[in-house]
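Accompanying notes for the structure given below.
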Amino acid sequence: QVQLVESGGGLVQAGGSLRISCAASGRTFSNYAMGWFRQAPGKEREFVATINWSGAGTYYADSVKGRFTISRDNAKNTVYLQMNSLKPEDTAVYYCAARDGGALWVRESLTDYWGQGTQVTVSS
């Protein structure tokens, strides 16, 4: 089992920045690829970004490419999502996710573990 706990969400003005974190525990962190998904009110959960086990590979949704950066610190068992140039449409609950085996993924159905989520609200 892997436990994922997100932190760092909050309220920010449009154009601002925010970094959210996800601390993992329970099993060897570097065995897992990590990712972020989000769910806006009234919408389905969607893929945001993913990073492979070593941190050398990343992939982003088109809607956040160039504005968001995913990174990880395997020594701290933590994955981060740096969000810049935030827009009101980025408002959502952001979920940390883990996939066994270390490879990048975008499909929710391939996720092995989920965090509880952290709210990010961007005001206009």
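All residue numbers in this chain count up from 1 along the given sequence. This one's a predicted model, so the numbers in the text were calculated from it and none came from an experiment.
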According to a hydrophobic-cluster definition based on side-chain heavy atoms being under 4.5 Å apart (Ile, Leu, Val, Met, Phe, Trp, Tyr only), do I51 and Y60 belong together? yes
Hey, do the aromatic rings of W105 and Y59 have their centres closer than 6.0 Å? no
Give the minimum heavy-atom separation between N74 and S30, together with the two atoms involved. ND2-CB, 3.7 Å
Under 4.5 Å between any side-chain heavy atoms of T50 and W36, yes or no? no
About how many Å separate CE of M34 and OG1 of T111, when rounded to the nearest 0.5 Å? 10.0 Å
V79 side chain near C96 side chain, heavy-atom distance below 4.5 Å: yes
Within this structure, what is the CG-CG distance for the pair D100 and L110, rounded to the nearest 0.5 Å? 12.0 Å
Please report whether the ring centroid of Y95 lies less than 6.0 Å from that of F37. no
Please report the closest heavy-atom contact between L4 and W114, naming both atoms and the distance. CD1-C, 3.9 Å
Just checking, any donor-acceptor pair under 3.5 angstrom between side chains of N84 and S17? yes
Can you check side chain to side chain contact (heavy atoms under 4.5 Å, CB included) on D90 and F68, steps first, answer last? CA-CA 11 Å; D90 294 318; F68 290 11; 3.9 Å; yes
Considering all heavy atoms of both residues, which atom of A14 and which atom of P88 are nearest to each other, and what is their separation? CB-CD, 4.1 Å
Q1 side chain near R27 side chain, heavy-atom distance below 4.5 Å: no
Just checking, is any N or O donor in the side chain of Q119 or T121 under 3.5 Å from an acceptor N or O on the other one? yes
Check whether the side chains of Y80 and R19 place a donor and an acceptor atom closer than 3.5 Å, and report yes or no. no
Can you name the nearest heavy-atom pair linking A33 to L104, along with the distance? CB-N, 4.4 Å
With rounding to the nearest 0.5 angstrom, report the CG to OG1 distance, N77 to T28. 8.5 Å
What distance separates R67 CZ from K65 NZ, expressed to the nearest 0.5 Å? 12.5 Å
Interatomic distance, CD1@I70 vs SG@C22, rounded to 0.5 Å, equals 9.5 Å
Pi-cation contact, W53 with R72 (under 6.0 Å, within 45°): no
Would you please test I20 and E6 for side chain to side chain contact (heavy atoms under 4.5 Å, CB included) and show each step? CA-CA 7 Å; I20 55 178; E6 301 95 336; over 6 Å; no
Using the side chain to side chain contact (heavy atoms under 4.5 Å, CB included) rule, take S123 and V12 through it: C-alpha gap first, then chi angles, then the decisive distance, then the call. CA-CA 6 Å; S123 63; V12 63; over 6 Å; no
For Y32, is the NZ or CZ atom of R99 found under 6.0 angstrom from the centre of its six-membered ring and inside 45 degrees of the ring axis? no
For residues Y113 and F47: do they belong to one hydrophobic cluster (side chain heavy atoms under 4.5 Å, members Ile, Leu, Val, Met, Phe, Trp, Tyr)? no
Checking side chain to side chain contact (heavy atoms under 4.5 Å, CB included) between R38 and each of L81, V93, V64, which is the one that passes? V64
K87 and V122: side chain to side chain contact (heavy atoms under 4.5 Å, CB included), yes or no, with the steps? CA-CA 6 Å; K87 305 174 182 180; V122 184; 5.5 Å; no
R107 backbone acceptor or donor facing S109 side chain under 3.5 Å: no
How about E46: does its CD atom have over 12 heavy atoms from other parts shown lying under 6.0 Å from it? yes
